[in-house]
Amino acid sequence: MRRVGIVGGGQLGRMLIQAGIDLDLRLRVLDGAADSPCSGIAHEFVLGSVRSATDLYEFGKDLEIVTIELEEVSVEGLRLLQGRGIHVAPAPAIVELIQDKGTQRQWYAQHGFPCPRFQLWTPGMPIELSFPLVQKARRGGYDGRGVQIAHTPSDLWPVPSVLEEYLPILKEVSVIAARNRAGEVRTFPPVESVFHPQAHIVTHLKIPADLPPDLAQEAQQLAAHLAETLRIEGLLAVELFLTTDSQWYLNEAAPRPHNTGHITVKACWTSQFEQHWRAILNLPLGETRLHTPGALVNILGPAGANGTPRFPFLEAILRLPGVSVHLYGKRKSTPFRKLGHVLLLAPDPPTLQKHLAQVQSLLQVEVEEETTQG
Ligand code: ADP
């Protein structure tokens with residue numbers, strides 16, 4: 001039995017535990033919230049800050065392997081563990097690189113990956129790009145927070161940022177790659193984020209992405225090349241943009257399982273979570289082939305309400321063939337918080353579309369409110 005630690009106890013950790021049990025891993029999880037999705041499920045749950053080097057070191061010092069389920073962790077803590085001979089995957093240097101959107105972007109450009117034109121900017125510096133441009137706070141942003149389109153200099157937030165040319169994006173896809181220590185690399189087929197035609201919000205994800213085979217292959221090659229160049233051990237979720245002139249651009253990457261990879265759990269021969277373990281345990285990587293087309297809809301906390309979530313749609317949704325519900329065990333709903341997801345499989349695109357519409361019409365989370373905001 002291998003003694004393995006996961007830094008972070010959110011839903012990604014929870015699903016890593018599910019897959020880790022099949023490989024008989026003994027799993028210890030570190031998280032700052034006593035009621036996090038992994039508490040009560042991990043073999044051992046340690047309460048502590050993932051951003052504290054001391055907490056991280058104390059958590060992992062007697063383990064064999066330590067991995068992460070989020071990148072906002074103490075790199076110093078990871079390095080201390082590595083210094084003690086504990087196998088840390090992904091490597092602390094990769095986590096450090098990715099934590100800062102500025103160093104990440106610079107590294108991609110220096111290594112020849114296709115990137116938008118950009119500059120690293122701090123308030124007061126001259127702006128080299130023309131407006132509109134995209135501003136990304138170098139640290140701390142996620143799920144679109146910390147990213148904005150700026151139309152004039154006065155729109156810019158006064159924080160260290162990456163400024164990027166505004167690309168004419170046709171599609172946003174992600175490719176989950178995996179690499180093990182032996183250097184074997186595999187990629188899953190691209191997952192497409194489908195946006196609402198008017199509001200810029202993702203309505204669902206789908207696999208296969210709606211792409212000609214050569215473009216899908218190019219996207220997979222790009223992600224594989226990035227995993228190889230970084231020499232990552234474990235998963236690398238690579239977000240790509242396809243522009244209107246059929247060019248791929250690398251947006252960003254995450255060294256861990258990813259929301260877009262949940263589809264692989266039902267639609268592919270191997271799940272992203274199993275693949276992560278195979279990769280960091282230096283086992284042969286699993287077959288990534290798609291066996292059934294699928295879609296994912298996130299179950300989000302409703303706007304304007306905080307409190308205990310309820311899922312009254314469960315029965316109606318589970319009546320649909322090929323549909324499964326995955327709840328993350330979050331005890332508190334806040335506006336747009338990811339509380340779970342629904343996976344749909346269907347033999348053909350029209351059936352998938354029909355079930356998708358039904359799921360979306362049924363998917364209303366109820367909240368037993370503690371406080372109301374507006
Ligand atoms: P996050 O870390 O929050 O996911 P992203 O870098 O993925 O931030 O950006 C969020 C969204 O902003 C993307 O999904 C895309 O729609 C848009 N975006 C990001 N970069 C650009 C760009 N250079 N040009 C046009 N749109 C962009």
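Sequential numbering from 1 along the given sequence is applied to the chain's residues. One-based numbering, in listed order, for ligands and for the atoms of each.
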Could you list the atoms of ligand 1 found under 4.0 angstrom from a heavy atom of [X]?
X: E165; value: 22 (C), 23 (N), 24 (N)
X: K136; value: 6 (O), 19 (C), 20 (N)
X: I169; value: 25 (C), 26 (N), 27 (C)
X: V147; value: 8 (O), 9 (O), 12 (O)
X: E252; value: 1 (P), 2 (O), 4 (O), 5 (P), 6 (O), 7 (O), 8 (O)
X: E172; value: 13 (C), 14 (O), 15 (C), 16 (O)
X: E164; value: 20 (N), 22 (C), 23 (N)
X: E239; value: 7 (O)

Query raised in the report: Please walk me through it: do R139 and E72 pass salt bridge (charged side-chain N to carboxylate O under 4.0 Å, His left out)?
Result: CA-CA 9 Å; R139 285 181 178 275; E72 295 304 319; 5.2 Å; no

Tell me yes or no: between the side chains of [X] and [Y], is some donor less than 3.5 Å from an acceptor?
X: T260; Y: H262; answer: no
X: N251; Y: K136; answer: yes
X: E239; Y: S174; answer: no

Requested in this report: Mind telling me whether F313 and F311 have parallel, tilted or perpendicular rings, with 30° and 60° as the class edges?
Outcome: perpendicular

Query raised in the report: Going by the angle between their ring planes, with limits at 30° and 60°, are H326 and H341 parallel, tilted or perpendicular?
Result: parallel

Query raised in the report: Which part of N251 is near ligand 1, with near meaning a heavy atom under 4.0 Å away: side chain, backbone, both or neither?
Result: side chain

Query raised in the report: Is Y166 in polar range of ligand 1, meaning some N or O pair under 3.5 Å apart?
Result: no

Query raised in the report: N/O to N/O below 3.5 Å, does that happen between L167 and ligand 1?
Result: yes

Requested in this report: Decide whether the shortest distance between a heavy atom of Y249 and an atom of ligand 1 is less than 4.0 Å.
Outcome: no

Query - Charged N-O contact under 4.0 Å between E128 and R117 - result: no

Query raised in the report: Is K61 paired with E58 through a side-chain N to carboxylate O contact shorter than 4.0 Å?
Result: yes

